[in-house]
Every structure is written in structure tokens, then in C-alpha cells.
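Predicted, not measured: the structure shown is a model, and the values here were computed from it. Start at 1 with the first residue, then count along the sequence.
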Amino acid sequence: MFIPVEDRAWLTAPFAPISLKQLEASSGMLERIDNKYVVNQDVLRLAVPELAKHFDILEIDGRRNFTYDTCYFDNEDSRCYTDHHQGRKKRVKVRMRKYLETGLCFVEVKLKDRRGMTVKKRLRCAMDSFGTLDDAALNFVNDVYQGLYKRVFPHDVSRNLDMRYQRLTLVAKDGGERMTLDNRVKFLMDGDERDLDERLFIIEAKSAKGNGIADRILRRLHQHPTKHVSKYCTGLATMSGGLKRNNFRRALKRLRLLEEPAALPLAA
């Protein structure tokens, strides 16, 4: 049955609320294993009743759905993108993220450690600095990179891709797991825009061992992690021509972003 994307009560109402203060106190979850899924809303509707038994939903001032503006930074050769495409163990993403409803803005650095776990560090900054890495932000990026990889951050980066999406955040009642559900994703680059199908959700299940409650619930509905479904990489592969994207083809196909060549007409 088709469910209108405007109707979100089926998705948000079944969960008990958790405040931002409670979320931050429960667990920072800045070091975790992420499993990413591309899930149709009809499947997600089936998962919600079971998820609601184990997770609470972040609620701020009565709101449960939040809008994120994010801009990513890379060098002229898109090295952060190509390192991910090539599966390099040492790789980094640098971004600024603006939380529109709460008026917060952060510089964020995401890396992979030797165990394959995601490490995320962030620095709060002024809302009006969004889109620009000042000296304090660049020093922070270098300190985080050098702290993990023991060498100076090697890239001269500039803003190259923007996106906007809406996110719901679920937190396990025992505090040891998180889940984010992103929808209504829009990529923006050089005046061009591209929207994802609103019926698709990009879900990240974040747990210490990568096999949490959310993973098990989704698996029972025949949902399995999609590799290389980074929003930055799929967005750049979609918006920028000339980049290798073979390793992202499955993710692009799942996100319905892959433009297949038109079939040749049958011979007469």
C-alpha cells in the first residue's frame, strides 16, 4: 500500500521521546561501527512497531524531525572521495553541518581507525561561518587527523558539495546503540540540484560491534547493508562528471541515482 510521504505520524508517533540532554548523557557514540541501509518507506513501516519496543526518539521542543544543512570539503583532485572509492583504510571526510531548528553548527571530521571503526570528532562554530573553514577549524581538522594517523593533514580543501535532508534519531533504551533515518535528501553543486526519491530512507545503524538490535530487526525484513552508500560519495558521483564510480554503482542503483544508458532499438 502506498503511504503519502507527507504523513509522518506512522514513523514518529510510536516512539517514546528522549531529550537532547538525555541523548548526550546516554552515550556519545563517536566511535562505532556503522551499517548503512537503503530502505523503502513501505518496509520501514513494517519495522517501526518492533523498533519502538527498543528505541526512543530524539525530541526537541515537541519536534522529532530535523533539517540538516551540510557542506563537504575536498581538494581539487577529490582525494577524500577517491580514497573512499578505492577502499583505503586511512581516509577522511571534512564537513560543516548546520542544525536549522536548534541553531547549532559544527565542523566535523570523520576517519577510520585501524579496526575499521568510524571515529567522528567535531568542533562547535558560529552559524554564520557555515561554508568556510577558518584557521581555528583548519587547526582542528589537522589536530584530529594527526592524532589518529600521526601525520599532518595533507589536503588543501575547499567547499565542493552541499546537501540538505531531514533526519530522525533513535536511541536504544539501554543507551548502547543509535539509529538515524535520513529522508528528502537534496544534493546541490554549482547551481544544480538533485533530489532522492522521497520514499527512500538512508538508515545508519550505529553500534559497538556492528550487529545491533536495529540490524537484526532489518535483517528479519530481508534488508541488508548497502556498501559504499556514503551520502557525500554518492552525491559527488551524481553531481560531478569524470569521477570513477564503479565501486559506488550498487549504492547509486539502490538510491535510484544511476542513469542507465538508453536501450538500443531492435533491428528491423
With sequence neighbours excluded, residues passing side chain to side chain donor-acceptor pair (under 3.5 Å) with Asn211: Arg219
Side-chain touch Met179/Ile203, heavy atoms, less than 4.5 angstrom: yes
Pairing residues for Thr238 by the side chain to side chain donor-acceptor pair (under 3.5 Å) criterion, not counting sequence neighbours: none
Inter-residue atom distance Arg216.CZ - Ser207.OG, 0.5 Å rounding: 8.5 Å
Listed partners of Leu148 passing side-chain contact (heavy atoms from CB on, under 4.5 Å), at least two apart: Leu111, Asp113
Minimum heavy-atom distance Val48-Phe15, with the two atoms named: CG1-CE1, 3.9 Å
Main-chain N/O of Leu200 paired with Asn183 side-chain donor or acceptor, under 3.5 Å: yes
Linked, directly or transitively: Leu100 and Val107 (ILVMFWY side chains, under 4.5 Å): no
Cation-aromatic face contact Lys98/Phe130, 6.0 Å, 45 degrees: yes
Test side-chain contact (heavy atoms from CB on, under 4.5 Å) applied to Ile217 and His54, step by step: CA-CA 10 Å; Ile217 291 172; His54 303 280; 4.1 Å; yes
Phe153 and Leu138, any side-chain heavy atoms less than 4.5 Å apart: no
Residues that Tyr149 engages under ring-ring contact (aromatic ring centres under 6.0 Å, His included), provided they are two or more places apart: Tyr145
Any Glu177 side-chain heavy atom under 4.5 Å of Lys206 side chain: no
Exercise: identify the closest heavy-atom pair between Ala214 and Ala205: CB-CB, 4.0 Å
Non-neighbouring partners of Arg97 that pass salt bridge (charged side-chain N to carboxylate O under 4.0 Å, His left out), sequence neighbours left out: Glu108
Residue pairs, two or more places apart or on separate chains, that pass salt bridge (Lys or Arg N to Asp or Glu O under 4.0 Å) and touch residues 222-244: Asp182-Lys231, Glu204-Lys231
Lys36 to Val229 - nearest heavy-atom pair and separation: CB-CG1, 3.1 Å
Main-chain N/O of Asp42 paired to Arg45 side chain as donor or acceptor, under 3.5 Å: no
Min side-chain heavy-atom separation Leu123-Val141 under 4.5 Å: no
Glu76, CD: over 12 other non-hydrogen atoms inside 6.0 angstrom: no
Over all atoms of both residues, closest heavy-atom pair of Lys120 and Lys110: CG-CG, 3.9 Å
Point-to-point distance, once rounded to the nearest 0.5 Å, from CE of Met239 to CG of Leu257: 10.0 Å
Heavy-atom pair of closest approach, residues Leu161 and Leu236: CD2-N, 3.7 Å
Polar side-chain atom of Asp197 near backbone of Arg199 as donor-acceptor pair, under 3.5 Å: yes
Within-4.5 Å side-chain heavy-atom neighbours: Lys93 and Ser230: yes
Inter-residue atom distance Leu168.CG - Arg8.CZ, 0.5 Å rounding: 7.0 Å
Path from Leu196 to Phe248 over hydrophobic side-chain contacts below 4.5 Å: yes
Donor-acceptor side-chain pairing of Arg64 and Thr12 below 3.5 angstrom: no
Pair Asn75, Asp156: side-chain N/O donor-acceptor within cut-off below 3.5 Å: no
Donor-acceptor contact below 3.5 Å, side chain Asn139 vs main chain Ala136: no
Set of side chain to side chain donor-acceptor pair (under 3.5 Å) partners for Thr82, sequence neighbours left out: none
Under the side-chain contact (heavy atoms from CB on, under 4.5 Å) test, residues paired with Leu20 that sit two or more places apart: Glu24, Leu58, Ile60
Inter-residue atom distance Gln223.CD - Leu46.CG, 0.5 Å rounding: 9.5 Å
Salt bridge (Lys or Arg N to Asp or Glu O under 4.0 Å) pairs, two or more places apart, involving residues 65-75: Asp69-Arg164
Cluster check Phe140, Val119: I/L/V/M/F/W/Y, side chain < 4.5 angstrom: no
Pair Met96-Thr70, side-chain contact (heavy atoms from CB on, under 4.5 Å): steps then yes or no: CA-CA 6 Å; Met96 294 186 79; Thr70 306; over 6 Å; no
Backbone of Arg249 reached by a side-chain donor or acceptor of His228 within 3.5 Å: no
Stepwise side-chain contact (heavy atoms from CB on, under 4.5 Å) test for Ile213 and Phe55: CA-CA 9 Å; Ile213 300 166; Phe55 290 84; 4.0 Å; yes
Rounded distance [0.5 Å steps], CG in Leu133 versus CZ in Arg159: 10.0 Å
Check: Asp162 side chain, Cys71 main-chain N or O, donor-acceptor pair, under 3.5 Å: no
Non-hydrogen side-chain atoms of Ile18 and Glu59 separated by less than 4.5 Å: no
Results of salt bridge (charged side-chain N to carboxylate O under 4.0 Å, His left out) for Arg250 - residues two or more places apart only: none
Side-chain heavy-atom pair Asp195, Phe187 within 4.5 angstrom cut-off: no
salt_bridge(Arg91, Asp83) N-O dist < 4.0 Å: no
Same apolar cluster (I L V M F W Y, side chains within < 4.5 Å links), Tyr232/Leu258: yes
Heavy-atom side-chain contact between Leu181 and Tyr37 under 4.5 Å: no
Salt bridge (charged side-chain N to carboxylate O under 4.0 Å, His left out) partners of Arg63, counting only residues at least two apart: Glu101
Residue pairs passing the salt bridge (Lys or Arg N to Asp or Glu O under 4.0 Å) test where at least one lies in residues 134-153, sequence neighbours excluded: none
Check: Tyr81 main-chain N/O paired with Ser78 side-chain donor or acceptor under 3.5 Å: no
Cationic tip of Arg184 above Tyr165 ring, under 6.0 Å, 45° of axis: no
Spatial distance of atom NZ (Lys186) from atom CE (Met163) [nearest 0.5 Å]: 12.5 Å
Single-linkage hydrophobic cluster, 4.5 Å side-chain cutoff, Leu104 and Met127 together: no
Tyr99-Tyr68 aromatic ring centre distance below 6.0 Å: yes
